[in-house]
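Naming: A, B, ... by sequence-line order, numbering from 1 per chain.
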Amino acid sequence: MLDVKLLRTDLDRVVAKLATRGFSFDGTKFEQLEQQRKDLQMQTEQLQAQRNQSAKAIGKAKAQGEDVQPLLDAVADLGEQLEKAKSAFDQVQQELDSMLASLPNLPDDSTPVGQSEDDNVEIKRWGKPREFDFEVKDHVELSEQRGWYDNEAATKLTSARFSVLKGSMARLQRALTQFMLDTHINEHHYEEVYVPYIVNQDSLYGTGQLPKFAADLYKLEKHDEHDTSDRDLYLIPTAEVPITNLMRAEIVDATQLPIRYVAHTPCFRSEAGSYGRDVKGLIRQHQFEKVEMVQFVHPDESYDALDALTQHAASILEKLGLPYRMMSLCTKDMGFSAAKTYDLEVWLPGQQAYREISSCSNFEDFQARRMMARFRTGQDKPQLLHTLNGSGLAVGRTLVAVLENYQNADGSITVPDVLKPYMGGADQI
RNA sequence: GGUGAAGUGGCCGAGAGGCUGAAGGCGCUCCCCUGCUAAGGGAGUAUAGGGUUUGUAGCUCUAUCGAGGGUUCGAAUCCCUCCUUCACCGCCA
């Protein structure tokens with residue numbers, strides 16, 4: 001969420017900045033609502049003050065045994081007036097709140113301005129795509145011919161865009177997960193956390209998935225139809241949600257920063273609009289595994305932290321020997337809550353293309369403001385934290401990348417050196 | 001899932017319709033006294049929002065005693081719903 005004070009003092013800049021994301025924000029409407037809010041709030045609070053005053057006077061008079069009837073008569077219609085003013089105020093406030101909640105973050109000045117993913121800026125490339133002296137296969141072909149990948153079984157069990165993995169491929173996915181976690185814990189100093197895969201609405205609001213992106217989420221049925229509470233639960237679309245929300249409504253001491261968490265979780269995405277893209281194979285699934293890094297840092301350090309975090313993700317690719325390029329996402333392509341995002345794209349020989357395998361973002365205080373995640377330096381007032389996260393990495397897509405990049409002419413897969421300890425020492429599968 | 005108890009400021013803890021934004025204690029900050037591994041005295045010590053303002057100063061108003069509703073001129077106090085915690089029972093990995 002943006003700071004409402006920023007909208008009040010620097011509206012034109014906000015409108016212009018949001019326009020670079022392709023988001024049109026009606027500044028005039030906002031100003032009108034603001035003016036209404038101001039008037040109604042003053043009116044309401046004035047009535048409340050009046051009520052408080054007279055209530056006190058009545059109390060005093062009663063204590064002294066005086067006749068309070070005249071005082072009561074004087075405030076007879078105050079309640080009604082107050083109620084009217086309050087409901088008008090609440091309505092305007094609600095309108096403002098939902099307007100504010102639907103505004104995406106302001107892109108950082110260093111974020112390239114652009115209209116589509118074609119305007120993303122390549123920052124660097126690492127590794128050279130391997131040259132094959134045989135015809136390369138894609139991961140679907142490679143895994144199906146070995147009986148490792150069973151799309152039909154998954155369709156039978158559930159529906160399209162789920163998958164069943166078997167044998168060495170299933171194990172390889174587990175090996176990748178362990179390798180990623182161990183690397184982040186031992187070399188990059190993250191603390192491993194285990195978190196729920198089901199979260200409530202407040203958590204999804206905190207990280208920005210709600211209220212705007214409910215269609216991408218799997219929502220659980222209420223198990224009790226008489227339950228009138230507002231307790232809808234959802235499957236997590238990413239570990240970012242539970243991990244980042246660990247800090248919701250918390251105030252940590254500045255000396256504890258930075259805080260770095262890493263977790264492995266499945267991710268569940270409904271993504272209603274994605275049909276027709278990547279229909280084959282493991283690239284786009286409703287359920288996939290991901291290792292996620294999250295950092296809570298001092299505002300002065302969040303951009304250094306973003307560079308570091310992105311490199312933490314990149315180092316996994318480097319250790320695996322997978323060629324990648326690093327992209328700075330342009331304003332239009334960036335996610336709702338991010339101020340700046342780097343994507344890592346891994347080389348997939350089967351597609352002859354770089355494909356996204358990690359997304360690392362600095363949200364500045366956008367998420368922190370939504371969830372009131374704060375820190376305190378000494379005795380100072382609490383300040384909003386900056387939050388960051390990044391995939392380190394999307395395990396399913398890494399699995400695809402390993403299969404395709406390490407394939408041999410006979411259909412076998414060479415095991416990358418760093419994974420051998422996790423594969424019982426096997427050189428190839 | 002069942003039964004019972006409870007949720008008050010950084011922490012502990014009073015409070016039972018009106019002068020309570022909340023006694024008292026602990027902790028913390030500042031000052032005074034004291035020349036010593038101690039004690040005493042004083043002051044201060046929640047958060048958010050609005051108005052005023054060049055101002056994160058001051059003044060002022062509002063809201064907040066788990067959350068949301070309700071009753072009332074007036075609610076931490078009464079009523080309803082929900083959430084959470086604890087205890088015991090049941091069930092389970």
Side-chain angles (χ1 to χ4, degrees), chain A residues 1-10 30-101 194 196-206 220 222-233 245-256 299-300 365 368-385:
Chain A
M1 187 159 65
L2 298 177
D3 188 351
V4 71
K5 285 182 185 140
L6 187 66
L7 299 195
R8 288 178 193 150
T9 55
D10 208 358
F30 172 79
E31 277 181 320
Q32 278 171 5
L33 279 171
E34 246 313 276
Q35 190 55 50
Q36 279 181 46
R37 189 224 90 227
K38 211 185 266 189
D39 294 345
L40 286 167
Q41 180 164 355
M42 272 170 35
Q43 193 188 337
T44 307
E45 292 190 350
Q46 224 160 43
L47 287 167
Q48 280 172 327
Q50 206 176 322
R51 181 204 58 195
N52 291 346
Q53 242 170 21
S54 53
K56 254 180 197 168
I58 291 169
K60 242 177 219 166
K62 228 175 187 174
Q64 290 169 6
E66 293 169 15
D67 179 19
V68 295
Q69 196 52 48
L71 286 169
L72 284 176
D73 293 342
V75 295
D77 64 334
L78 198 62
E80 203 177 328
Q81 278 183 54
L82 184 63
E83 205 171 316
K84 252 166 88 181
K86 210 170 185 173
S87 76
F89 170 63
D90 285 348
Q91 200 187 329
V92 169
Q93 186 65 56
Q94 212 168 54
E95 221 172 310
L96 269 172
D97 284 348
S98 66
M99 187 183 241
L100 206 58
Y194 170 80
Y197 302 157
I198 294 174
V199 293
N200 59 31
Q201 293 180 100
D202 289 343
S203 295
L204 288 158
Y205 179 84
L220 271 51
K222 282 186 183 173
H223 39 265
D224 178 3
E225 63 185 37
H226 301 295
D227 183 359
T228 54
S229 69
D230 229 15
R231 303 276 301 171
D232 287 331
L233 299 178
N245 275 280
L246 285 172
M247 213 54 76
R248 192 171 82 221
E250 300 288 338
I251 302 176
V252 296
D253 197 90
T255 55
Q256 292 179 260
D300 294 342
D365 61 13
R369 184 172 295 104
R370 288 177 156 239
M371 64 175 91
M372 291 301 276
R374 295 175 292 176
F375 71 98
R376 193 198 298 270
T377 311
Q379 298 284 316
D380 292 355
K381 273 191 144 185
Q383 255 184 286
L384 293 172
L385 285 161

Inset, instruction - Would you mind telling me which residue lines up with the more 5' stretch of RNA chain B, Gln53(A) or Arg37(A), judged by nearest nucleotide? - result: Arg37(A)
Legend entry - rA67(B) versus rU77(B) - spacing of their P atoms, nearest Å: 11 Å
Legend entry - Protein-nucleotide distance (Gln48(A), atom CD; rA75(B), atom P), rounded to Å: 11 Å
Inset, instruction - Round to a whole Å and report the spacing from CZ of Arg376(A) to P of rG10(B). - result: 8 Å
Legend entry - Protein-nucleotide distance (Leu47(A), atom CG; rG50(B), atom C1'), rounded to Å: 15 Å
Inset, instruction - Would you give the length of the straight line joining atom CG of Leu96(A) to atom CZ of Phe89(A), rounded to the nearest 0.5 angstrom? - result: 9.0 Å
Legend entry - Below 4.0 Å: OP1/OP2 of rA63(B) and any side-chain N or O of Arg51(A): yes
Inset, instruction - Could you tell me which non-hydrogen atom of Leu78(A) sits nearest to which non-hydrogen atom of Arg51(A), and how far apart they are? - result: CD2-CA, 3.5 Å
Inset, instruction - Let me know the distance between CG of Leu82(A) and P of rG74(B), rounded to the nearest Å. - result: 9 Å
Inset, instruction - Please check if the side chain of Asp202(A) supplies one atom and the backbone of Tyr205(A) the other of a donor-acceptor pair under 3.5 Å. - result: no
Inset, instruction - With side chain to side chain donor-acceptor pair (under 3.5 Å) as the test, would you mind laying out the steps for Asn52(A) and Gln48(A) before giving the verdict? - result: CA-CA 6 Å; Asn52(A) 291 346; Gln48(A) 280 172 327; over 6 Å; no
Legend entry - Rounded distance in Å between the C1' positions of rA5(B) and rG74(B): 31 Å
Inset, instruction - Sort out the partner of rU52(B) for me: Watson-Crick or G-U wobble, both distances under 3.5 Å, none otherwise. - result: rG58(B)
Inset, instruction - Report yes if a side-chain nitrogen or oxygen of Lys38(A) is closer than 4.0 Å to either non-bridging phosphate oxygen (OP1 or OP2) of rG51(B); otherwise report no. - result: yes
Inset, instruction - Count the heavy atoms belonging to other residues, nucleotides or ligands that lie under 6.0 Å from CD of Gln69(A), then report whether that count exceeds 12. - result: yes
Legend entry - Nearest-Å distance for atom pair CE/C1', residues Met42(A) and rU52(B): 10 Å
Inset, instruction - Under a 3.5 Å limit for both distances, which nucleotide forms a Watson-Crick or G-U wobble pair with rG68(B), could you say? - result: rC80(B)
Legend entry - N or O in side chain of Arg8(A) less than 4.0 angstrom from rG49(B) OP1/OP2: no
Inset, instruction - Using both distances under 3.5 Å as the test, list the Watson-Crick or G-U wobble partner of rA87(B), or none. - result: rU3(B)
Inset, instruction - Round to the nearest Å and state the distance from Asn52(A) atom CG to rA75(B) atom P. - result: 8 Å
Inset, instruction - Could you verify whether a donor N or O on one side chain and an acceptor N or O on the other, from Asp90(A) and Gln94(A), lie under 3.5 Å apart? - result: no
Legend entry - Nearest-Å distance once atom P is located in both rG55(B) and rG70(B): 37 Å
Legend entry - rC92(B) pairs with, by Watson-Crick or G-U criteria that keep both distances under 3.5 Å: none
Inset, instruction - Tell me the partner of rG35(B), counting only Watson-Crick (N1-N3 plus N6-O4 or O6-N4) or G-U wobble (N1-O2 and O6-N3) with both under 3.5 Å; none if nothing fits. - result: none
Legend entry - Listed nucleotide nearest any side-chain atom of Gln41(A), set rC73(B), rG49(B), rG51(B): rG49(B)
Legend entry - For atom CD of Gln50(A) and atom C1' of rA63(B), their distance in whole Å: 18 Å
Legend entry - Check: Lys62(A) side chain, rG18(B) base, donor-acceptor under 3.5 Å: yes
Legend entry - d(CD, Glu80(A); P, rG74(B)) in whole Å: 13 Å
Inset, instruction - Hunt down the Watson-Crick or G-U wobble partner of rG44(B), both distances under 3.5 Å, from any strand shown, or write none. - result: rC28(B)
Inset, instruction - Could you please name the partner base of rU20(B), counting Watson-Crick and G-U wobble pairs only when both distances are under 3.5 Å? - result: none
